[in-house]
Amino acid sequence: MTQTNSSWGGRFAEATDAFVAEFTASIGFDARLYRHDIEGSIAHATMLAKCNVIAEDEKDAIVHGLKEVQNDIENGDMQWSVALEDVHMNVEAALTHKIGIVGKKLHTGRSRNDQIATDIRLYVREEIDHLAAEVTRLQQALITLAQAEANTIMPGFTHLQTAQPVTFGHHLMAWNEMLQRDFERLLDCRKRVNIMPLGAAALAGTTYPIDRSITAELLGFERPTENSLDSVSDRDFAIEFTHVGALIMMHLSRMSEELVLWASAQFDFIDLPDRFCTGSSIMPQKKNPDVPELVRGKTGRVYGHLMSLLTLMKSQPLAYNKDNQEDKEPLFDTIDTLAGSLRAFADMVPHIQAKRDNMELAAAKGYSTATDLADYLVKKGLPFRDAHEVVGESVAFGIKEGKDLSELTLEQLQAFSDLITADVFDVLTLSGSVAARDHLGGTAPNQVKAACERALKKLSER
C-alpha cells in the first residue's frame with residue numbers, strides 16, 4: 001500500500017511529493033496555536049459526550065490525553081512533524097499515540113476547516129485582551145506625565161511651523177485620545193472575533209446530533225456562527241483586527257516622529273532614557289532614539305499585512321480554500337509587532353524628561369501669540385478679517401525689527417491700531433495665551449488637569 005498522510009490519504013494512489021509536503025505544511029508557524037487547539041478539542045469532546053456521540057469514558061480518556069500532550073509540548077518533549085502538516089494533526093497523532101484508537105474519535109463531527117477557524121479566534125481574542133492591557137498601561141504613563149507637565153509651555157505646530165502656544169501636558173493628552181480610540185476599537189473588534197465556528201465541519205455542518213451552544217459556552221464564545229459556509233471561510237475578523245493594528249501603529253508612528261524630532265539637538269525639547277537609545281560605532285557623541293525610530297519603521301510591515309490579508313481574501317469562492325493557510329503569518333506578525341511596540345512605549349514614556357526652559361523658549365519664537373492679538377482686537381470691536389490684517393502688519397514689522405510681538409512697545413503696536421491699549425501685553429505673554437483657552441478641550445493648565453482626571457477615571461472603570 002502506498003504511504004500517504006493518514007488523515008486524508010485513503011483515496012490517493014501515490015505519496016505526496018517531499019517538496020510539496022514541505023511547501024504545504026503549516027506546522028512551522030501554526031504550532032503557536034497548540035493551547036487553543038487543545039482547548040477547543042477538550043470542549044468539542046465534552047460536547048460530543050453530552051450529546052451521546054461518544055461515551056463518557058472515551059471523553060475522559062481524550063481530555064486526560066490532551067492535557068498530557070499539552071504538558072509534553074510545554075516541557076519541550078513534543079516532536080513536531082512536517083509530514084502531519086499542521087498543529088491539529090500533530091496534536092491528534094500525539095493523542096492517539098498516548099490513548100490508542102479512542103484518540104481517533106476526537107475528530108468526529110468537525111473538520112480542520114472549522115477547527116483552525118476556531119483556534120485563530122481563540123488566539124486573537126486572547127491577544128486582544130493582552131494588547132488592550134498594554135494600551136491601558138501606555139495611557140496610564142501618558143496621563144501621569146501629562147499631569148506633571150500640565151503647566152509646561154511649548155509651541156504648538158501646524159505644517160511643522162510654530163502656530164500657537166500649548167502645554168506639553170495638552171500635547172500628551174492628544175496622544176492619549178488616539179489610544180483611547182484604539183482601545184475602543186480593540187474591544188469592538190473583539191465582539192466579532194468572539195463568535196464560534198466549531199461544528200460547521202468542512203463546510204456544510206455535520207450529520208451527528210451535536211449541540212454547538214454547549215461548545216460555545218465552554219469556550220467562552222458569545223454564540224455559535226449562523227452559517228456553516230461562512231463559518232469556515234470567513235477571515236473578516238482577522239482583517240478587521242489587522243486594520244485596528246494598523247491604526248495603532250500609525251498612532252505610535254506619529255508619536256515616534258515627534259519624539260525623534262524633540263530629542264534632536266535642533267529641538268532639544270526632551271531627553272529619552274539611555275536604556276531606550278543606542279550610540280554610534282564611529283561618532284562617540286551620538287545618542288540615537290532607536291526605539292521610536294524602529295516603531296516608526298515597523299508600522300510599514302503592519303500596513304503590508306493588512307493589504308496582504310485583503311488581497312488573500314478578495315477572489316476566494318465559498319467555502320474554505322488552501323489560500324487561507326496564508327492568513328496566519330501576517331496575523332501573527334501583526335500581533336507580535338503590536339505587542340513589542342506597545343510594550344516599548346509603555347516602558348519608555350514614564351521616563352521621558354521634559355526640557356521645560358527649551359520648550360518655553362521655542363514657544364516664544366515664531367510669533368505664536370499672533371492669534372491672541374487678533375482675538376484681542378476682535379473683542380475691542382474690530383471685524384476679524386481687519387484684525388487679521390492688522391496683526392499681519394504687526395508681525396511683518398516685528399520680523400523687520402527682529403522682535404517678538406510681546407517685545408514691541410505700546411507705541412509701536414498702536415501704530416497699527418488705536419484700539420490697542422496697555423492691557424494688550426496680558427494676552428501677548430505665553431502664560432496668558434494658554435490660560436485664556438480655558439474651555440473643555442482647551443490647552444489651559446487647569447483644563448489639562450481636568451482632562452487627566454477624566455481620563456484616569458475611564459481607565460479605572462475598565
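Quick note: numbers below take in every heavy atom, side chains included, and nothing from hydrogens, waters or symmetry partners.
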Point to revise | Nearest heavy atoms of Gly109 and Ala201, plus distance in Å | key: O-CB, 4.4 Å
Exercise for review: Please check if any side-chain donor atom of Asp290 sits under 3.5 Å from a side-chain acceptor atom of Thr278, or the reverse.
Suggested key: yes
Review point. Between Asp114 (side chain) and Ser111 (backbone), is there a donor-acceptor pair under 3.5 Å?
Key: yes
Check your understanding: Ignoring hydrogens and geometry, is there a side-chain-to-backbone donor-acceptor pair from Asn75 to Asp77 under 3.5 Å?
Key -> no
Exercise for review: Answer yes or no: is there an ion pair linking Asp188 with Arg185, defined by an N-O contact shorter than 4.0 Å?
Suggested key: no
Check your understanding: Looking at Val295 and Met249, what are the two nearest heavy atoms and their distance?
Key -> O-CE, 3.7 Å
Practice item. Would you name the heavy atoms of Lys287 and Leu272 that are closest together and state the gap between them? Key: NZ-O, 2.5 Å
Point to revise | CZ (Phe29) with more than 12 external heavy atoms under 6.0 Å | key: yes
**Study point:** Short side-chain donor-acceptor distance under 3.5 Å, His88 and Glu92
**Key:** no
Review point. If you measure from the Lys or Arg side-chain nitrogens to the Asp or Glu carboxylate oxygens, is any gap between Arg192 and Glu240 under 4.0 Å?
Key: yes
**Study point:** Basic-acidic side-chain contact under 4.0 Å: Arg137, Glu134
**Key:** yes
Exercise for review: Could you tell me whether Glu226 atom CD has more than 12 heavy atoms of other residues or ligands within 6.0 Å of it?
Suggested key: no
Point to revise | Donor-acceptor contact below 3.5 Å, side chain Ser460 vs main chain Lys457 | key: yes
Review point. Are Leu259 and Ile352 side-chain neighbours, meaning at least one heavy-atom pair lies under 4.5 Å?
Key: yes
Review point. Got a donor-acceptor contact below 3.5 angstrom from the Thr108 side chain to the Lys105 backbone?
Key: yes
Review point. Distance only, no hydrogens: is a donor on one side chain within 3.5 Å (strictly under) of an acceptor on the other, for Trp175 and Gln139?
Key: no
Review point. Checking Arg462 against Phe183: charged group under 6.0 Å from the ring centre and within 45 degrees of the axis?
Key: yes
Study note, to complete from the structure: What one should report as the nearest heavy-atom pair of Ser308 and Pro330 is OG-CG, 4.2 Å
Point to revise | Lys/Arg-Asp/Glu bridge criterion (N-O < 4.0 Å) met for Glu56, Lys59 | key: yes
Point to revise | Donor-acceptor pair, side chain of Asp72 and main chain of Met78, under 3.5 angstrom | key: no
Review point. Taking 4.0 angstrom as the limit, do Asp30 and Lys328 come out as a salt bridge?
Key: no
Exercise for review: Before giving the answer on side-chain hydrogen bond (donor to acceptor under 3.5 Å, both in side chains), spell out for His107 and Arg112 the whole-Å C-alpha distance, their side-chain angles and the decisive distance to 0.1 Å.
Suggested key: CA-CA 9 Å; His107 209 55; Arg112 285 189 294 176; 5.8 Å; no
Review point. Can you check whether Ala364's main-chain N or O pairs, donor with acceptor, with Ser368's side chain at less than 3.5 Å?
Key: no
Check your understanding: Under 6.0 Å from the NE2 atom of His64, do we count more than 12 heavy atoms belonging to anything else shown?
Key -> no
Check your understanding: So, Thr167 side chain and His170 main chain: donor-acceptor pair closer than 3.5 Å or not?
Key -> yes
**Study point:** Any donor-acceptor N or O pair under 3.5 Å, side chains Gln70, Lys67
**Key:** no
Check your understanding: Should the pair Arg121 and Phe221 be classed as cation-pi, given the thresholds of under 6.0 Å to the six-membered ring centre and 45° from the axis?
Key -> no
Check your understanding: Does some side-chain heavy atom of Tyr123 sit less than 4.5 Å from a side-chain heavy atom of Glu127?
Key -> yes
Review point. Any side-chain donor paired with an acceptor under 3.5 Å for Gln316 and Asn321?
Key: yes
Review point. What about the rings of Phe168 and Phe269, do their centers lie closer together than 6.0 Å?
Key: no
Exercise for review: Would you indicate whether the side-chain heavy atoms of Arg296 and Glu257 approach each other to under 4.5 Å?
Suggested key: yes
Point to revise | Ile195 to Pro197 - nearest heavy-atom pair and separation | key: O-CD, 3.3 Å
Practice item. Check each of Asp37, Asp336, Asp119 against Arg32 using the side-chain hydrogen bond (donor to acceptor under 3.5 Å, both in side chains) test, and report the only one that passes. Key: Asp336
Check your understanding: Does Leu33 reach the side chain of Ile116, with side-chain heavy atoms less than 4.5 Å apart?
Key -> yes
Point to revise | Sidechain-backbone polar pair: Arg125 side chain, Gly220 backbone, donor-acceptor under 3.5 Å | key: yes
**Study point:** Sidechain-backbone polar pair: Thr225 side chain, Asn227 backbone, donor-acceptor under 3.5 Å
**Key:** no
Check your understanding: Looking only at heavy atoms, what is the nearest atom pair of Ala146 and Val448, with distance?
Key -> O-CG1, 4.3 Å
**Study point:** Any Arg190 side-chain heavy atom under 4.5 Å of Leu186 side chain
**Key:** no
Check your understanding: Does the pair Arg110 and Ser41 meet the rule for a side-chain hydrogen bond (donor to acceptor under 3.5 Å, both in side chains), with working shown?
Key -> CA-CA 10 Å; Arg110 73 176 184 185; Ser41 291; 3.1 Å; yes
**Study point:** More than 12 heavy atoms of other groups within 6.0 Å of Glu217 CD
**Key:** no
Review point. Does the gap between the ring centers of His171 and Trp262 come in under 6.0 Å?
Key: yes
Exercise for review: Give a yes or no on whether His243 atom NE2 has more than 12 heavy-atom contacts from other residues, nucleotides or ligands under 6.0 Å away.
Suggested key: no
Exercise for review: May I ask you to decide if Ala200's main-chain N or O and Ser228's side chain share a donor-acceptor pair within less than 3.5 Å?
Suggested key: no
Practice item. Kindly determine whether Glu293 and Asn288 satisfy side-chain hydrogen bond (donor to acceptor under 3.5 Å, both in side chains), including the steps that lead there. Key: CA-CA 9 Å; Glu293 286 179 347; Asn288 299 324; over 6 Å; no
Review point. Does NZ belonging to Lys98 count more than 12 external heavy atoms closer than 6.0 Å?
Key: yes
Practice item. Report the distance from atom CD of Gln325 to atom CG of Asp86, rounding to the nearest 0.5 Å. Key: 7.5 Å
Point to revise | Heavy-atom neighbours of Lys322 NZ exceed 12 at 6.0 Å | key: yes
Review point. What do the steps show when you test Thr334 against Arg301 for side-chain hydrogen bond (donor to acceptor under 3.5 Å, both in side chains), and what is the final call?
Key: CA-CA 8 Å; Thr334 294; Arg301 70 194 292 159; over 6 Å; no
